[in-house]
Amino acid sequence: MAESDFYQNVWALVRQIPPGRVCTYGFIARYLGSGRSSRLVGWAMNVSHGQTPEVPAHRVVNRLGMLSGKAHFGHPNQMQELLESEGVVVLDDCVQDFQARLWDPAIELRY
DNA sequence: TGAATGACTCGAT
DNA sequence: GATCGAGCCATTC
């Protein structure tokens with residue numbers, strides 16, 4: 001039973017992140033109600049592999065903009081390449097202009 | 001059933 | 001200002 005509603009909500013939210021933008025675990029966790037469930041968001045990403053439709057987990061980084069989850073992709077560089085292909089500049093596993101690229105669901109989906 | 005783990009975050013030193 | 005430790009919550013062993 002690795003598919004709780006929490007995962008579904010996380011995936012649904014991540015899928016709404018527009019290309020070229022990124023989001024953080026903490027923001028997602030907070031938006032879903034439990035600001036302290038950031039680790040569960042990471043869990044959801046772990047399970048999201050092979051999901052359909054695909055979950056753009058590469059657009060989710062930690063609060064510092066670091067690609068902390070790149071090791072869980074097929075290839076460590078895959079996450080960075082996916083982001084760069086969408087226009088996100090990645091340097092040393094960190095998203096450049098992170099503040100500008102940040103996509104906050106609490107603001108973007110408030111309308 | 002209890003203990004350990006994890007793609008995180010915050011507060012204290 | 002940087003580093004260390006504890007908390008959180010669902011899943012797994």
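In what follows, chains carry the letters A, B, and so on, assigned in the order in which the sequence lines appear, proteins first and then strands, with residues in each chain numbered from 1.
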A/Glu108 side chain near A/Pro105 side chain, heavy-atom distance below 4.5 Å: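 They are not in contact (no side-chain heavy atoms under 4.5 Å apart), so the answer is no.
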Beyond-backbone contact of A/Trp11 with A/Gln51, side-chain heavy atoms, under 4.5 angstrom: yes
Donor-acceptor pair, side chain of [X] and main chain of [Y], under 3.5 angstrom:
X        : Y        : answer
A/Ser37  : A/Leu40  : no
A/Arg101 : A/Val22  : no
A/Asp97  : A/Ala100 : no

Heavy-atom closest contact (A/Ser68 atom, A/Tyr25 atom, distance):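 Shortest heavy-atom contact: OG-CE1, 3.9 Å.
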A/His58 and A/Glu81 side chains, donor-acceptor separation under 3.5 Å: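 Side-chain D/A pair, A/Glu81 to A/His58: absent.
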Members of residues 58-67 of chain A that approach DNA chain B, where some heavy atom sits under 4.0 Å away: A/Asn62, A/Arg63
For atom [atom1] of [X] and atom [atom2] of [N], their distance in whole Å:
X       : N      : atom1 : atom2 : result
A/Asn46 : B/dC8  : CG    : P     : 11 Å
A/Tyr7  : C/dT11 : OH    : P     : 5 Å
A/Ile28 : B/dA7  : CD1   : C1'   : 11 Å
A/His72 : B/dT5  : NE2   : P     : 15 Å
A/Leu40 : C/dC9  : CG    : C1'   : 5 Å
A/Lys70 : B/dG6  : NZ    : P     : 18 Å
A/Tyr25 : C/dC8  : OH    : C1'   : 17 Å
A/Tyr31 : B/dC8  : OH    : C1'   : 20 Å

Proximal nucleotide (of B/dA7, C/dC9, B/dC10) relative to the A/Ser37 side chain: C/dC9
Given B/dA7, C/dT11, C/dC9, the nucleotide with the shortest approach to the side chain of A/Trp43: C/dT11
Electrostatic pair A/Arg59:A/Glu86 at N-O distance under 4.0 angstrom: yes
Touch class at under 4.0 angstrom, heavy-atom based, for A/Ala71 against every strand present: nothing
Polar atom pairs (N or O), protein with nucleotides 3-7 of chain C, under 3.5 Å:
unit_1	atom_1	unit_2	atom_2	d
C/dG7	O6	A/Arg39	NH1	2.9

Test side-chain hydrogen bond (donor to acceptor under 3.5 Å, both in side chains) applied to A/Asn46 - qualifying residues, sequence neighbours left out: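 So A/Asn46 forms no side-chain hydrogen bond (donor to acceptor under 3.5 Å, both in side chains) with any residue.
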P gap between C/dA6 and B/dA4, integer Å: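 Per the computed distance, 14 Å lies between those P atoms.
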